[in-house]
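A short write-up of the structure that comes next.
Just so you know, these numbers come straight off a predicted model, no measurement behind them.
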Amino acid sequence: MYRNCFCLHIFSLTHHNFKPPMMIALVALTVFVQSVFGGNLVEVLQNDGETTLISLVKQAGLADALLSGILHDIVNLYFKKLLFKLFLNTNTSCFTITGKYTIFAPTNAAFSKLPQSVLDGLQRDTAALANILKYHVVKGSIHKADASNELQLETLAGTKIRFNIYNHNHVVTVEGSKITHFDLTASNGMVHVIDTVMMPPSGSIVDLVAGNSDLSTLLSQVQSAGLAGALQGDALTVFAPTNAAFNRLGSHVLNNLKSNPQLLKEILEYHVVPHTEYSAGLYNREHLATLDSHHDVIRLGVSTNGVVINHRAHVTKADISATNGVVHIIDHPPMMIALVALTVFVQSVFGGNLVEVLQNDGETTLISLVKQAGLADALLSGEYTIFAPTNAAFSKLPQSVLDGLQRDTAALANILKYHVVKGSIHKADASNELQLETLAGTKIRFNIYNHNHVVTVEGSKITHFDLTASNGMVHVIDTVMMPPSGSIVDLVAGNSDLSTLLSQVQSAGLAGALQGDALTVFAPTNAAFNRLGSHVLNNLKSNPQLLKEILEYHVVPHTEYSAGLYNREHLATLDSHHDVIRLGVSTNGVVINHRAHVTKADISATNGVVHIIDHVLIPARHIFSSILGRK
């Protein structure tokens with residue numbers, strides 16, 4: 001017996017009436033022998049007590065041929081957790097053991113999953129069989145601890161296999177096959193047991209789509225949208241609609257998509273997840289962010305019946321490996337997209353330009369005013385985003401304001417331009433305190449309030465996002481925005497009912513601090529200061545540091561519009577102690593520290609917002625101070 005080479009001669013295999021599983025058994029046995037020849041791996045596998053190999057050897061009539069000195073090492077050995085190593089010729093195989101290897105070994109049950117036609121084909125094509133066997137072997141000893149998500153290793157077949165680690169269910173896969181038993185260590189390598197036979201991919205995701213006649217429409221759409229390059233990136237998951245799925249859209253929709261490559265690109269990107277998600281890693285109610293510019297999510301329903309996406313599309317064929325990821329074939333078209341994306345799709349395919357989209361959404365008052373101000377043509381001359389007040393939003397305005405705007409078309413045009421910015425701004429582009437310059441030349445500010453999932457622009461709540469038109473974007477808002485008259489200091493200075501506050505701010509040297517950006521000021525009226533009494537005001541005037549501290553207690557160092565306030569909220573202030581004010585929010589309005597009422601809210605300034613209140617706010621630690629004239 002040779003220590004480094006074991007040659008097994010196989011004569012006239014077809015004359016022994018082998019069934020296809022026997023061929024697999026023989027191959028696995030041959031590879032097994034050359035893989036484990038000599039030592040600890042045999043002992044490790046013997047301890048598992050697997051008797052399948054012995055049964056297969058007897059069925060194949062190979063027992064006598066193998067009783068040449070090594071049968072005592074392989075009798076009663078574990079076959080279930082071991083596969084292949086090197087090339088198998090039709091009549092003779094010679095295996096040379098050099099170095100260490102890691103085998104990803106399919107179980108008996110894994111082999112039984114293969115269609116009989118595949119097994120028959122492998123029996124006829126030993127070169128293909130050898131390639132598949134090599135695809136399960138890599139050089140070196142790879143432990144479980146060496147694996148990382150998306151790690152790729154080159155196999156003896158010359159192609160790579162990919163690890164994926166799914167922390168939520170503690171599953172590790174290799175090319176989508178679940179590793180069920182790790183780190184069976186031997187002196188010449190390592191075995192990991194897997195639950196599915198891995199098949200080498202035929203190419204990249206684009207190659208795979210191009211090679212499947214049932215995905216020809218998808219291929220055509222990908223090419224039209226210029227997306228083929230993006231699909232050559234690594235670690236992608238594609239949910240691929242069939243031709244029948246696209247046909248469900250109708251030819252008129254497909255033609256409209258073809259005429260709008262940007263929208264088509266966005267919808268196709270909604271079918272791509274920028275990491276590798278095999279079936280073993282999917283779970284019920286999972287949300288997967290996609291590659292589209294909004295990072296819209298697809299929602300999974302996973303059960304024993306399979307995988308459903310967005311309650312509509314079914315995965316009809318899963319886990320088709322590509323060199324750069326995985327493809328799952330689905331049976332419904334791009335209209336499986338989420339509600340917001342669906343709205344975008346419908347509006348853009350059927351809605352037309354910005355004016356038509358506004359008309360379709362029912363914003364008739366805005367359309368009327370736009371036409372009256374002579375802005376309709378201007379809105380069709382470029383790409384814009386419109387923050388569109390609803391008809392109800394306009395009805396909130398005093399009739400005197402509406403009448404004045406209709407008489408003064410220049411002022412009307414300025415207010416309407418204040419609702420328009422250049423370019424297409426999506427919901428996903430917004431960030432808290434982001435400011436965008438409008439066509440009126442002044443800026444509008446986004447605020448995002450995570451606790452109630454509200455997004456505002458200049459305090460107006462955005463009620464409907466991302467209505468896409470051929471030349472821009474529409475977001476619907478619930479209040480007409482009015483351009484601010486200046487900064488917070490300008491606003492205070494311009495309001496005669498806040499003259500005492502202005503005087504106190506100047507005395508405390510606080511005017512500079514109130515020129516900072518993203519501030520909220522709760523502004524006490526003259527009457528609120530008068531409630532303190534002249535002796536308290538005189539005491540404060542004689543103590544500028546205390547006055548400054550109390551005034552800073554009225555300032556929150558971020559922008560808080562009414563839409564973002566909630567009951568029992570605590571807001572840290574600008575004073576040196578970061579004392580908090582406590583809010584009571586109800587249908588009756590906003591109360592601060594159980595005493596001060598907001599009498600006028602959401603007065604926008606260029607650097608934040610002002611809420612007018614009817615009491616001066618005093619930090620709790622100063623309420624009983626002698627300076628305030630209290631005991």
Are there over 12 heavy-atom neighbours, none belonging to [X], within less than 6.0 Å of that residue's [atom1]?
X      : atom1 : result
Lys396 : NZ    : yes
Asp377 : CG    : no
His570 : NE2   : yes

With a 4.5 Å cut-off on side-chain heavy atoms, are [Y] and [X] touching?
X      : Y      : answer
Ile444 : Met481 : yes
His464 : Val474 : no
Val421 : Phe387 : yes
Leu151 : Ile165 : no
Phe239 : Ile298 : yes
Val580 : Thr573 : no

Q: For His615, enumerate each residue passing the ring-ring contact (aromatic ring centres under 6.0 Å, His included) test, keeping only those at least two apart in sequence or located in another chain.
A: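 Here no residue qualifies.
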Q.
I'd like to check the ring-ring contact (aromatic ring centres under 6.0 Å, His included) partners of Tyr561; sequence neighbours left out, ordered by chain and number.
A.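 Tyr561 satisfies ring-ring contact (aromatic ring centres under 6.0 Å, His included) with no other residue.
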**Q.** Sole residue of Val590, Val591, Val598 in side-chain contact (heavy atoms from CB on, under 4.5 Å) with Val585
**A.**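 Going through the options one by one, the only one that passes is Val590.
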Q. Where does the angle between the aromatic ring planes of His168 and Tyr283 fall among parallel (under 30°), tilted (30 to 60°) and perpendicular (over 60°)?
A.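 It falls in the tilted class, 30° to 60°.
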Salt bridge (charged side-chain N to carboxylate O under 4.0 Å, His left out) against [X], all qualifying residues, sequence neighbours excluded:
X      : value
Glu560 : none
Asp234 : Arg162
Asp575 : Arg621

Q. Ignoring hydrogens and geometry, is there a side-chain-to-backbone donor-acceptor pair from Gln372 to Thr409 under 3.5 Å?
A.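 Side chain of Gln372 to backbone of Thr409: no pair is present.
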Q) How would you list, by chain and number, every residue that makes a side-chain hydrogen bond (donor to acceptor under 3.5 Å, both in side chains) with Thr390, sequence neighbours excluded? A)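 side-chain hydrogen bond (donor to acceptor under 3.5 Å, both in side chains) list for Thr390, sorted by chain: empty.
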